[in-house]
Structures are given as C-alpha cells and as structure tokens.
Amino acid sequence: MTTALVTPERSAIDPADTWDLSAIFPSWEAWEAAVADLEQRIGAFKAYSGTLGTSGARLRDALEAHDAIGQTSYRVWYYPSLTHDQDQRDNTSAARRQRVQLLFARLEHATSWFNPELLTVPLATIHAWMAQDAALAVYRFAIDDLFRKQAHVLDLAGERLLALSSRLTGAPKAVYEQWSTADARFPSVTLSTGATVEVTYGNYRRVLATSRAADDRRAVYAAHYDAFGVHRNTYASIYNGVLHRDWFQARARGYDTTLQAALFGNAIPTDVVTTLIAEARAGVEPFRRYHRLRQRVLGVDTYMPADMYVPLVEHDVAYRYDEVREWIVASTARLGADYQARVREAFDQRWIDVYENKGKRSGAYSAPVYGAHPYMLLNYNDTLDAVFTLAHEMGHSMHTLLAHETQPFVYAGYTIFVAEVPSTLNEELLLEFMLARATSREERMVLLQHAIDGIVGTFYNQVLFADYELEAHRMVERDEPVTADALSALYARTAEAYWGDAVHRDERTAWTWARIPHFFQSPYYVYQYATCMASTAALMDEVGSADPGRQADGVRRYLDLLRAGGSDHPMTLLKRAGVDLAQPTAIRALVARLDRLVGELESALG
C-alpha cells in the first residue's frame, strides 16, 4: 500500500513555519494609508521639475523626495506581492498587486523628467554644491555614474529613434519565448519502466537527474534535442535577429563591440570576460577528470551529455528543517557572532515561509523589503537540494540586511555581479560543516558530488555558454553569415574545447545553442554566474584560512563587501574585498578547489 503525498492547504501549516508580514504593515488598513501617501508623494514630485539647477539645496530636496518615494514603494509592493505568493489563488491580493503596478506606471511617468533635467546641470556645479552640503554629497557616486553613462547617450533625435525601434528590437525574444514554449511540441518517450514521458524541459531534467537506466536517459535526451534540431533553421533566424540587434544598438551608441556595450553599465572591463574564458579553457583538466570518473562509476561504455546529471550513489536521507536550521546557524561561525545572531533572528522571527501549500508560488527567493527586513520564500521538502537552497537564500538575505542597515537608500541595492557571492559562500560554509559531521561513506560522496556539480554547472557550463555567445556575436561583428550550420559548428568546437575526449558528442550536441533561453533573452548574462563562483572561491580561501590573522582580515573584508550594497561599481567593491576578476587568481582558486574535490571523491569511491 502506498501513501499519497497531498499538498496541504495553508491553514494546515504551523504558523511558526510561515512568514510574519507584520514588519511590513500591521494591517491592510495601514497598507491603504501608505498607498494614499505614495500617491500624494508622486503627485507632489512634479513641483521639483524645472528647478534642479537652481541650487544645491533644491537638488538635495528633490533627491531625498525621490528616495522617500522609493522607500515607500518597496513596502507598498511587497506586502500584497508576498501575500499573493503564499497562495496565488487569492484574487484579492492579485488585485492589490495590480493596483501597485498601475501606480508604479504613474510613478515612472511622473519621474521620467528627472535624469534628463539633472544632466543639464554642469557636473562641476553639482560638485561645488556637494562641497558645501554633506547631505547632497551622499549622492556623489550615483550622480557621477549617471554622467559617466552619458558618454553613450545620443542626442534627442537619436534617442527618440532608438526608443521607436524598441518594439522591433524586442521581437526576437518574444518570438523565441512563444516558439520554444507556448508553441513547442515535445514528443513522448516510453521508458523501460513502461511509463510514457513527454520530454519537456522539466521532464528532460528530471529523467536525466534520476534515472539509473542509461538507455532511458539517452532516449529522452535524443527526443528532447530533436524537438529543437528539427527547427534549427528557424532558431538560427531568431538568434541572427538577436545578434544583429545587439550589434546595431552597440554601434548606434558608439561602442566598439557588443561585449563592451553589455558591460559598460556596471563599469566592468571586457578583460573580465576574456580572462574568464581563457582561464577556464586552461583549467579544464579537473572538469574532464570528473567526467571520466563518472563514466567509470556509472559503468557506461560511452559517456554522453545524457549521463552528466544522474547521482553516482544513492543516499535517501530526509533532512528535517528544524535540524538543518541549526546547522546553518552553526556553519556561519567563521563569520562572527553578530552574523550568526542575525541568521538566528531570521529563523526565530519568522522571516521564512518554509513549506509548500496549495496555491503557493514554486521555487525559492529572498525578497529585499526595504524598511522591514528580508523575507524568504521556500518550498522545503527535506531533500539535500532544499538544504542548500535554504543556505543560499539566507546568504542573499544577510547581504540585503547588512546593506540596508549600512547604506542610505540610494545605495541599498546591489548588482547581479556581486549578488551570488554571499549566497554561494553560505552554501560553501554549510558544505564544510556537513562534510565535517558526515558519518557514512555514502553521505560524504553525496556531499562531494553536490559541491562538484555546483562548480561544473555554475562555472564550467556557464563559461562554455559565455564563450559561445561571445564568438557568436563576433561573427556578426565580422559580417559573417549566421546560419544553423555555422552556429552548430561553433557550438561543437566550443564544447570540444571544454569536454575534450571526456564526453562523447553526437550531432545533437551541436544543437544545444537552440535550447538555451539566455542566449535569446539575456545576452551576456551567464558569465556573471561564473564570476560570482570564482569570487566565492577566492573569498573562501581567506575566510576559511587556518591563519587566524588572515582569516580575521578576510572576514572583515567580506562583511564590508556585504555592507557596501551598491555604493560603488561592483569591480571596485570586489577589489576591496580582495578579488580582482581582471586577474586570473580567483579563477585559478576555483579550478584548484575543483581539483581537490574531485580528488576527495576519487578517494571516497576507491
């Protein structure tokens, strides 16, 4: 007899395992009052229009009024948004979210004049005002960066033309979304168990990550890839549109390359990406060694991409939340008693919505609710992945908490370029803790594989993708034709540079580019996953040092990075923490870490 797993209603969840949103607003009446206040502030903001250049005091007042609107906006948005995510069947919270979205559209319109007018005031004049006004000087970095970005802003006619083209330039992304999901037709495969599986994205990953039958994995892999391969000429035409759009926009704004255009906003040198790719290519041996080890343990004659995800050993253990929360607190001891106390506070003060319930949003996230504290949504299910997801989101939340407590509102946020560093470092600390307490060979192997797969998936696979999309963009920059055959040949060459002879590649492997949404929807984004992981490896070398002085200094610089929020460019903030991604040191530290972990897994497997 089997017991069905039934998702409970929210009312059946212990309140201690749900978040307490009263830190945002004590009631919906208080929320309504804040909405009214926000509406009033938005309406009043227009009074500053046409006056920013009259005096430093007037500019300061306008900036502070703008920040006050922003601070209220966080709370007004997240109260109905988090309420809705805890049960998305709730039409009342959905309607309240929509009210806020409409209000934000008014806000955007009401403040659209601000930056253009500010840019008409000479920067030297603003600096002179700052010298006499400490409160205005707080905004120096934000204003200087706004002026920096003007180097690639066109005149009024040029900006109007680019704005008019935006509906056209968004077409490739929209077409890909519809063609690859809504209009996609995935075939079904009958597995050796007799079950029939439609090879959608989700089912494809599930079978490859759980099936012990190599023939089933490969049948699902082939069917899934064939669904893209049969339309590869169409996908190539869409991607050609993406590449040429990016090159058009880069040239229109006076950039030399599409990479330069993509990195300019955060003041990231192009050397960061090229160094990342060069060092990853030079450091592929531990990556290949891991795949050779997987082939031996799995006992397959030919090791293929379909064999990359299945666990090497079975270890069916339930990780209970009440125990795991204590592990996470204990694992952060290296970061000091104050950091540990804040982690404990997050657990004890109900910042976390822990378990799945009917209607609840899937996945996990950390919400940066300015004026309250971070909130974490989980769907905790006692698995190892859920354990590390909890540690990951706690890292984001501590970053948010320290930045919000330290920085003025204008710098309270942070960029994706640094965002994944604290989340990944929290995972590393937990892994270290769990390895130290592992009592069985199987548990140790599972943990080692989890760590290795994190580096493989977040670093090597993402650098491979970054390498590919950089070369694809260079094709259009060299006026080379972009066809399905050309894109597939490029992917095959790029995969060979990383996989070597450790992974067998067939014709379908070359079609991988067609099924990677980031290529079509977020060009030049994936490299940031890899740089964050490399940064974490370098920081862990310091935070985890056996030398007390080096360890204490590493912790201080790391916590300063979290407290810094968005108060400077991300490369500058990381350099202060001891990480220079324009140099190969951090990347080599990660390669060395993978080498050590693979060695430990080899020893554990015998």
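The basis for the numbers below is simple: all heavy atoms, side chains too, and nothing from hydrogens, waters or symmetry mates.
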Side-chain donor or acceptor of Arg508 paired with backbone N/O of Tyr225 under 3.5 Å: no

Can you tell if the side chain of Arg253 reaches within under 4.5 Å of the side chain of Glu159, non-hydrogen atoms only? yes

Mind running side-chain hydrogen bond (donor to acceptor under 3.5 Å, both in side chains) on Thr234 and Trp179 for me, showing each step along the way? CA-CA 9 Å; Thr234 300; Trp179 187 246; 4.9 Å; no

So, Phe519 versus Tyr468, ring centres under 6.0 angstrom or not? yes

Thr531 backbone acceptor or donor facing Ser535 side chain under 3.5 Å: yes

Report yes if the side chains of Glu285 and Tyr290 come closer than 4.5 Å at any heavy-atom pair, otherwise no. no

Treating Ser165 as the side-chain partner and Leu162 as the backbone partner, does any N or O pair qualify as donor plus acceptor under 3.5 Å? yes

Ring-ring centroid check Tyr255 His152, cutoff 6.0 Å: yes

Consider only side-chain N and O atoms of Glu477 and Thr258, and report whether a donor and an acceptor are under 3.5 Å apart. yes

Specify whether His399 and Tyr414 have parallel, tilted or perpendicular ring planes, treating 30° as the upper limit for parallel and 60° as the lower limit for perpendicular. parallel

I would like to know whether Glu480 and Arg474 meet salt bridge (charged side-chain N to carboxylate O under 4.0 Å, His left out); could you show each step before the answer? CA-CA 9 Å; Glu480 295 177 6; Arg474 285 174 172 172; over 6 Å; no

Of all residues at least two apart in sequence or in a different chain, which pass the side-chain hydrogen bond (donor to acceptor under 3.5 Å, both in side chains) check with Thr509? Tyr221, Asp506

Run the numbers on His392 and Glu420 for side-chain hydrogen bond (donor to acceptor under 3.5 Å, both in side chains), then give the verdict. CA-CA 9 Å; His392 185 98; Glu420 295 301 330; 3.1 Å; yes

With Tyr239 as partner, the option from Tyr176, Tyr491, Phe520, Phe228 fulfilling ring-ring contact (aromatic ring centres under 6.0 Å, His included) is Phe520

Is any side-chain heavy atom of Leu378 closer than 4.5 Å to a side-chain heavy atom of Tyr365? no

I'd like to check the ring pair (Phe, Tyr, Trp, His ring centres under 6.0 Å) partners of Phe248; sequence neighbours left out, ordered by chain and number. none

Take Arg292 and Asp501 through the side-chain contact (heavy atoms from CB on, under 4.5 Å) test and state the conclusion after the steps. CA-CA 9 Å; Arg292 294 189 189 104; Asp501 62 359; 3.1 Å; yes

Go through the steps for Asn381 and Thr383 under the test side-chain hydrogen bond (donor to acceptor under 3.5 Å, both in side chains), then give the verdict. CA-CA 6 Å; Asn381 60 3; Thr383 63; 2.7 Å; yes

Plane angle bin for Tyr204 and His224 - parallel if under 30°, tilted between 30 and 60°, otherwise perpendicular: parallel

Ignoring hydrogens and geometry, is there a side-chain-to-backbone donor-acceptor pair from Arg361 to Asp85 under 3.5 Å? no

Any salt bridge linking Asp215 with Arg218? Criterion: basic side-chain nitrogen under 4.0 Å from a carboxylate oxygen. no

Check whether any side-chain heavy atom of Ile277 sits under 4.5 Å from a side-chain heavy atom of Thr274, and report yes or no. no

Short N-O contact, Arg593 and Asp541, less than 4.0 angstrom: no

Determine which pairs satisfy ring pair (Phe, Tyr, Trp, His ring centres under 6.0 Å) with at least one residue from residues 569-606, sequence neighbours left out, and list them in order. Phe141-His569

Are side-chain N/O atoms of Asp467 and Tyr527 paired as donor and acceptor at under 3.5 Å? no

Checking the side chain of Arg217 only, and the main-chain atoms of Ser211 only, is there a donor and an acceptor separated by less than 3.5 Å? yes

Decide yes or no for His473 and Tyr524: does some side-chain heavy atom of the first lie under 4.5 Å from some side-chain heavy atom of the second? yes

Taking side chain as C-beta onward, heavy atoms only, is Arg206 less than 4.5 Å from Val197? yes

Indicate yes or no: at least one non-hydrogen side-chain atom of Thr302 is less than 4.5 angstrom from one of Val300. no

Considering only heavy atoms from C-beta outward, does the side chain of His450 approach that of Asp385 to under 4.5 Å? yes

